[in-house]
Structures are given as C-alpha cells and as structure tokens.
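The structure appears right after this line, and notes come after that.
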2 protein chains.
Amino acid sequence: MEPGNMHVTETCRPVTEILARIGDKWSILVVKCLADGPMRFNELRRGIGGISQRMLTLTLRGLERDGLVSRTVTPTVPPRVDYELTELGHSLQAAVRALGDWAIANRAAVEAARSRYDLALASASPPLRRTG
Amino acid sequence: MEPGNMHVTETCRPVTEILARIGDKWSILVVKCLADGPMRFNELRRGIGGISQRMLTLTLRGLERDGLVSRTVTPTVPPRVDYELTELGHSLQAAVRALGDWAIANRAAVEAARSRYDLALASASPPLRRTG
DNA sequence: CTGAATCCGGCTTGATACTG
DNA sequence: CAGTATCAAGCCGGATTCAG
C-alpha cells in the first residue's frame with residue numbers, strides 16, 4: 001500500500017470520525033455559538049433555539065469529552081456553568097468554516113440540482129405516465 | 001438583526017444542511033472514492049468496503065440528487081453504470097479536505113482528551129467509589 | 001439554573017431475497 | 001452487474017418529570 005494508492009477508507013477514517021462527532025444535529029450550532037466567547041447553559045439554549053435540554057446536555061458532554069469545549073462550574077446558589085471553546089475547539093471551528101463557505105456559495109446550485117432531479121423523476125417514474 | 005449580531009442559527013443553517021447531506025455514514029467515503037475518477041457500482045462497493053448494496057445505492061442517489069455525482073448508464077448486456085464527481089462534487093471534496101486535514105492533525109489530541117475524560121469519569125462517578 | 005432519568009416514536013441502517 | 005423491495009433492529013432525538 002504505497003502512499004497515493006492507499007485504500008480510501010484509510011485516508012477517510014479520521015474524516016469520518018470527526019464527521020461522526022460534528023455531523024450530528026447540534027454540535028456545529030453549539031460550536032458556532034461558542035465561537036464568540038463563553039456562554040452559560042441556558043444562554044446557549046436560547047442562542048441556538050429549538051434544541052431540547054437533553055440534547056444540549058448530550059452535545060456539550062460529547063464536545064467536552066473530545067476536548068473541544070471546556071466546562072466551568074461556579075457553585076453559587078443558583079449554580080452557574082460556563083461553556084467555552086478550547087483552543088482545539090477554535091481550530092476546529094476554523095476548519096469547519098471552509099465547509100460553511102462552500103455551503104453558502106453553492107447552496108443555490110445544490111437546491112437547483114435537487115429540483116431538477118425531483119422534477120425529472122416525477123415526470124418519468126410514476127407508473128403508466130403517458131405524454132397525453 | 002444587524003450583521004455581526006445575527007442569530008447563530010442563521011449563519012449555520014447552510015452548514016447544517018450540507019452537514020446533513022455529507023454527515024451520514026457513507027457520503028464522504030463515496031466522494032473521496034470518486035475523487036480519483038469515475039467508478040462503477042461494484043468498484044465503489046469494494047473500494048469502500050463494509051457498505052451494503054442498499055446503502056451504496058441510497059448514498060449515490062442522494063449525492064446525485066444534489067448534483068454532486070453524475071450517473072452514466074451504458075446499456076450493455078451486463079449493464080454498466082459509471083459514477084463520477086461533478087464539478088460541484090469536486091469543489092465540495094476540496095472543502096472537505098480542510099476538515100480532513102484538521103482531523104488528521106488533531107486526531108491524537110482528540111483521543112487523548114477522550115481518554116482523559118473517560119478516566120476522570122471512571123474514578124469519580126461510579127456509586128460508592130472509595131479510596132481503598 | 002443546570003442537569004439526570006425515563007419513556008417512546010421515527011428515521012437510519014443492515015440482512016436478505018428478488019428482478020432485469 | 002446494478003438495483004429494488006421488504007423486514008427487523010438500533011440509535012437518535014424529543015417531551016416530560018424529578019433533583020441538587
């Protein structure tokens with residue numbers, strides 16, 4: 001297996017793995033949200049919108065586990081917990097931006113392709129569709 | 001909602017969408033596999049390894065629908081179908097590479113963080129864990 | 001305020017069998 | 001070779017409830 005001829009799976013495993021982490025429904029949103037600075041739990045919750053308490057907790061735990069986010073507890077009477085992007089987290093955010101740029105730049109193209117595909121399908125596949 | 005203060009969800013929706021497409025279990029592998037040139041169905045299947053016929057079909061359909069992959073049928077006796085990255089697909093592949101580079105560069109750091117986290121958890125959370 | 005525990009429905013994935 | 005159809009299993013995510 002010389003370089004340049006290695007199996008695709010080899011080259012991709014890391015990508016697939018990181019994608020498995022940030023490819024879920026909320027991680028990216030959380031990371032983006034934290035990009036501007038530390039935030040508290042419910043601040044994040046509101047900032048993201050639509051995320052359940054459970055999923056925010058789960059997402060945060062996963063991110064923390066992988067060293068992307070740090071969690072700071074201030075044991076005041078109403079407990080205060082701040083989440084913040086680690087250096088690793090920030091570097092990831094930067095890498096993700098490339099994907100974001102692509103997404104923004106090509107959003108229209110993708111949607112157009114999608115429409116074309118769906119339309120072509122609709123006028124071809126339905127059983128017994130005739131010209132009349 | 002002035003720029004610079006727009007809701008995170010706004011900025012991220014495109015990213016989340018593209019992530020929903022390529023964030024599944026196989027899309028990235030397929031795209032990477034096709035990066036080197038056109039491939040036939042079972043070629044891809046072997047090249048990826050571990051993917052079921054069904055999932056390859058589904059993944060390919062999705063990619064084709066979004067204009068990332070083109071499908072060319074040659075109606076010979078054993079049918080021949082070639083899949084190829086479109087220009088759009090290639091551009092995506094380039095964007096994804098940034099993420100891939102990050103993943104490769106920081107793989108160790110992530111795994112280390114993971115181990116640390118799991119270890120810290122193991123020595124703290126189990127009910128009634130004592131020093132003895 | 002932050003978070004854990006539980007219950008549950010749905011989507012995604014996979015195994016298998018069948019078709020052209 | 002390429003693809004579809006069907007069915008079962010598992011994980012994900014959401015709502016709700018309880019706790020420190």
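Just so you know, these numbers use all the heavy atoms, side chains as well, and skip hydrogens, waters and symmetry mates. Letters A, B, ... are given to chains in the order of the sequence lines, protein chains preceding strands, and every chain is numbered from 1.
Contact check on R80(B) versus D82(B) returns a salt bridge, with a Lys/Arg side-chain nitrogen under 4.0 Å from an Asp/Glu carboxylate oxygen. Of the charged side-chain nitrogens involved, none lies within less than 4.0 Å of a carboxylate oxygen, so that R71(A) and E84(A) do not count as a salt-bridged pair.
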For this session: Step by step, work out the side chain to side chain contact (heavy atoms under 4.5 Å, CB included) result for L29(B) and T59(B).
Result: CA-CA 10 Å; L29(B) 278 315; T59(B) 304; over 6 Å; no
Problem set entry | Worked verdict on Y83(B) versus E43(B) for side chain to side chain contact (heavy atoms under 4.5 Å, CB included) | CA-CA 10 Å; Y83(B) 291 93; E43(B) 241 178 325; over 6 Å; no
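For the pair L60(A) CG and dT2(C) P, the computed distance is 11 Å after rounding to whole Å. At whole-Å resolution of the value, CD in E64(A) and C1' in dA4(C) are 15 Å apart. Following rounding to the nearest Å, L44(A) (CG) and dT2(C) (P) show an atom-to-atom distance of 9 Å. One interatomic measurement links the two molecules: CG of L56(A) to P of dG3(C), which rounds to 8 Å at whole-angstrom precision.
Taking 4.0 angstrom as the limit, R40(B) places none of its side-chain polar atoms (N or O) nearer than this to OP1 or OP2 of dC1(D). The side chain of Y83(B) contributes no N or O atom lying less than 4.0 Å from OP1 or OP2 of dC1(D).
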For this session: Sugar-phosphate means primed atoms, P, OP1 and OP2; the rest is base. With that split, encode nucleotides 4-20 of chain D 5' to 3' as B, S or - using protein heavy atoms under 4.0 Å.
Result: B-B------BBB-B--B
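Axis orientation changes by 40° from one end of the helix from dC1(C)-dG20(D) to dG20(C)-dC1(D) to the other, with each end axis drawn from 5 pairs and the value rounded to 10°.
Looking at heavy-atom distances under 4.0 Å, R71(A) makes contact with sugar-phosphate atoms alone, never a base.
Annotation: side chain of L88(A) is in contact with side chain of N106(B) (closest heavy-atom distance under 4.5 Å). Residues R21(B) and L68(B) are in side-chain contact: their nearest non-hydrogen atoms beyond the backbone lie under 4.5 Å apart.
Shortest non-hydrogen contact noted between T86(A) and S70(A) is CG2-N, 3.8 Å.
Between the side chains of D24(A) and S27(A), at least one donor N or O sits under 3.5 Å from an acceptor N or O.
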